[in-house]
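Quantities reported herein were computed from a predicted structural model and do not represent experimental measurements.
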Amino acid sequence: MTTREHDASVYEQVQESSEFQELKRRFRRWTFPMTVAFLVWYLLYVVLSGWARDFMAIKLLGEINVGLIFGLLQFVSTFLIAWAYARHAEKKLDPIADKLRHEVEEKTQ
């Protein structure tokens, strides 16, 4: 068996392992709903900007209106999602990924 064939079989074994499947499940279980939630939130902003102009133009504080607040909240929500994902990955994904990486490194040496 050549090195290339050996490496491929190691990766195939890892991919079929229950730990790798768990890693994928945990990743998808967090990212898919969060992606959908953010896209709905962004689409709401776009729809309101286009079709609810009177609502978006309501002044809240001086010249600051609802549209500006919603626009700024897009940035805030992006940073909050990135922070939440980093915490999720550190606690739930990284330990499994590190274990799998060490196993692959041991088998490919």
Side-chain angles (χ1 to χ4, degrees):
M1 182 180 288
T2 66
T3 303
R4 182 174 294 244
E5 290 171 348
H6 175 72
D7 288 349
S9 66
V10 169
Y11 295 121
E12 289 168 354
Q13 289 171 4
V14 169
Q15 187 176 7
E16 293 170 358
S17 72
S18 61
E19 289 148 338
F20 185 76
Q21 298 304 318
E22 177 66 16
L23 179 65
K24 284 187 350 182
R25 185 187 66 75
R26 288 182 184 191
F27 173 78
R28 289 177 177 162
R29 219 169 134 197
W30 196 92
T31 27
F32 289 169
M34 191 58 67
T35 300
V36 169
F38 181 77
L39 289 174
V40 167
W41 161 236
Y42 178 72
L43 184 61
L44 174 68
Y45 173 68
V46 171
V47 168
L48 289 175
S49 295
W51 286 282
R53 292 183 181 193
D54 292 338
F55 171 71
M56 296 295 267
I58 295 172
K59 292 187 179 186
L60 299 174
L61 191 64
E63 293 299 315
I64 298 173
N65 61 20
V66 172
L68 180 61
I69 297 298
F70 274 29
L72 292 174
L73 285 174
Q74 292 292 317
F75 290 102
V76 172
S77 63
T78 300
F79 288 111
L80 285 175
I81 290 169
W83 172 77
Y85 177 76
R87 288 194 57 198
H88 170 73
E90 184 180 356
K91 291 180 181 180
K92 303 285 185 178
L93 305 177
D94 291 350
I96 298 172
D98 289 341
K99 182 179 180 217
L100 289 171
R101 181 176 49 87
H102 290 301
E103 289 176 7
V104 168
E105 286 173 351
E106 288 174 3
K107 291 178 182 178
T108 57
Q109 289 179 356

Closest non-hydrogen atom pair, Phe27 against Leu93 | N-CD2, 3.7 Å
Just wondering, more than 12 heavy atoms not from Leu39 lying within 6.0 Å of its CG?
-> yes
What closest approach, in Å, do Phe20 and Val14 show between heavy atoms, and which atom pair accounts for it?
-> CB-O, 3.0 Å
If you count the non-hydrogen atoms of other residues, nucleotides and ligands that lie under 6.0 Å from CZ in Arg29, is the total more than 12?
-> no
More than 12 heavy atoms from other groups under 6.0 Å of NZ on Lys99 | no
Transitive ILVMFWY side-chain link Trp51 to Leu43, under 4.5 Å | yes
In Å, rounded to the nearest 0.5 Å, how long is the span from CE of Met34 to CG of Leu80?
-> 9.5 Å
Flag yes if Met56 and Leu60 sit in one hydrophobic cluster, no otherwise; membership is Ile, Leu, Val, Met, Phe, Trp, Tyr, and two members link when side-chain heavy atoms are under 4.5 Å apart.
-> yes
For the residue pair Arg26 and Lys92, what are the closest heavy atoms and their distance?
-> NH1-O, 3.0 Å
Once the angle between the rings of Tyr45 and Phe70 is folded into 0 to 90°, is it parallel (under 30°), tilted (30 to 60°) or perpendicular (over 60°)?
-> tilted
Can you measure from OG1 (Thr78) to CG (Leu73) and round to the nearest 0.5 angstrom?
-> 10.5 Å
If you take all heavy atoms of Ile81 and Trp30, which pair is closest and at what distance?
-> O-CH2, 3.7 Å
Any chance CD of Glu105 has more than 12 other-residue heavy atoms, nucleotides or ligands included, within less than 6.0 Å?
-> yes
Please check if atom CG in Asp98 has more than 12 non-hydrogen atoms from other residues, nucleotides or ligands closer than 6.0 Å.
-> yes
Between Pro95 and Ala89, which heavy-atom pair has the shortest distance, and what is it?
-> CD-O, 4.3 Å
Does a side-chain heavy-atom distance below 4.5 Å link Glu103 with Glu19?
-> yes
Before accepting this row, confirm whether a basic side-chain N of the pair Glu22/Arg25 lies closer than 4.0 Å to the acidic partner's carboxylate O.
-> yes
At what distance, to the nearest 0.5 angstrom, does CD1 of Ile58 lie from CD1 of Ile69?
-> 12.5 Å
Taking only residues two or more places apart in sequence, or in another chain, which ones meet Tyr42 in a ring pair (Phe, Tyr, Trp, His ring centres under 6.0 Å)?
-> none
